[in-house]
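See below for the structure under consideration.
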Amino acid sequence: MGEVIGIMSGKGGVGKTTIALNLALAIQKLGRAVIVVDGDIKNPNLGLYLGIYQYPATINDVLKGSADLNSAKCTHSTGISIIPASLSSDSSGVGLSKLKKLFDETDSCIILDFAPGLGREAVSFLELCDKCLIVTNPNIPSVASTLRLVNIVESHNKNILGVVINRTGKSYEISREDIETVCPGKPAWEIPEDENVRKSAMLKTPLLDYKPYSKAAAGFREVAAGIVGVDYKEPGFYKLRQFLDLFRRRTVPEDLPELKNDEDGGDDKNP
Ligand code: ADP
Ligand code: MG
């Protein structure tokens with residue numbers, strides 16, 4: 001595929017990093033090579049979500065020109081390749097044209113996990129993207145910031161793939177129909193609120209690895225199929241697999257705190 005897909009949101013904490021990693025796994029299962037790049041240079045957490053704390057090099061080194069994409073790539077046990085950002089240094093704005101060239105040269109699909117909002121960092125990374133996927137939660141602050149984001153993305157003439165409405169369920173403040181009007185003519189996908197998402201974060205693995213037949217996992221696969229342009233099909237014996245998923249051996253630690261839904265839809269919460 002060899003294209004750069006930005007995972008963007010107006011507001012923080014809506015699920016970009018979670019979606020970036022699960023989409024990577026789903027797209028990979030559709031036979032495409034994928035690299036997830038941490039574009040949240042000021043507040044990176046892509047590596048933390050996979051339990052990767054030590055890196056041979058980071059995207060900051062790539063931006064500075066002291067590493068290439070291959071040498072900065074870390075591969076997780078699930079097969080997902082990521083390029084993390086440095087937890088300790090800030091080199092935003094440096095060498096973006098070099099990064100663009102490196103992205104152009106790779107055959108892999110690059111999934112760029114953005115910083116939230118419309119700051120300088122996000123806008124400069126937008127220049128690197130061929131397409132953008134907009135993530136929102138079904139609440140008023142999140143959708144309001146999505147409107148502003150869509151205007152900016154469109155003013156940069158970037159193709160919007162669609163909107164992912166993440167964490168749907170009982171906390172809907174704005175209907176799907178109203179959210180769809182934010183990006184007219186573009187698909188909207190729903191990912192339900194699913195406590196397995198946070199359990200998978202505890203286990204430092206994407207949901208598609210932890211509970212591949214959970215409700216949210218099916219949502220991630222559907223978005224991936226839409227992005228790649230293939231028809232979404234549920235795996236065979238889906239109900240049976242869902243049932244067997246309940247008995248998968250990997251469990252969350254005993255002392256995992258009680259999981260509660262965030263009533264405010266989350267704001268810049270990072271693990
Ligand atoms: P962002 O990258 O936009 O800041 P994250 O991917 O870090 O957002 O997600 C923020 C929090 O929301 C994390 O604790 C994550 O586990 C949780 N989360 C994301 N999507 C879901 C979901 N569909 N169901 C339940 N929790 C979710
Ligand atoms: Mg994030």
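Please read these numbers as outputs of a predicted model, since none were measured by experiment. Both ligands and their constituent atoms are indexed starting at 1 by order of listing.
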* To do: Go through ligand 1 atom by atom and flag the ones less than 4.0 Å from a non-hydrogen atom of Thr17.
  => 2 (O), 6 (O)

* Using a strict 4.0 Å cut-off to heavy atoms of Thr18, name the atoms of ligand 1 that fall inside it. => 5 (P), 6 (O), 9 (O), 15 (C), 19 (C)

Does any N or O of ligand 1 fall below 3.5 Å from an N or O anywhere on [X], backbone included?
{"X": "Val14", "value": "yes"}
{"X": "Arg167", "value": "yes"}
{"X": "Lys11", "value": "no"}
{"X": "Gly13", "value": "yes"}
{"X": "Tyr49", "value": "yes"}
{"X": "Gly12", "value": "no"}
{"X": "Asn45", "value": "no"}

* Asked: Using heavy atoms and a threshold below 4.0 Å, how should the contact between Pro192 and ligand 1 be classified: side chain, backbone, both, or neither?
  -> backbone

* Looking only at heavy atoms, is any part of Asn166 under 4.0 Å from ligand 1, and if so is it the side chain, the backbone, or both, or is it neither? -> side chain

* Within 6.0 angstrom of Lys29 NZ, more than 12 heavy atoms from elsewhere -> no

* Gln54 atom CD, neighbour heavy-atom count above 12 within 6.0 Å -> no

Identify the two heavy atoms, one from [X] and one from [Y], that lie closest to each other, and give their separation to 0.1 Å.
{"X": "Leu48", "Y": "Lys204", "result": "O-CD, 3.1 Å"}
{"X": "Val37", "Y": "Ile59", "result": "CG1-CD1, 3.5 Å"}
{"X": "Leu46", "Y": "Ile83", "result": "CD2-O, 4.1 Å"}
{"X": "Ala57", "Y": "Asp61", "result": "CA-OD2, 3.3 Å"}

* To do: Return yes when at least one N/O/S atom of Thr17 is nearer than 2.8 Å to the Mg ion (ligand 2), and no when none is.
  => yes

Would you please say whether a donor-acceptor pair under 3.5 Å links the side chains of [X] and [Y]?
{"X": "Asn70", "Y": "Asp68", "result": "no"}
{"X": "Ser200", "Y": "Thr205", "result": "no"}
{"X": "Ser9", "Y": "Lys16", "result": "yes"}

* If you measure from each heavy atom of Ala216 to ligand 1, is any distance below 4.0 Å? -> no

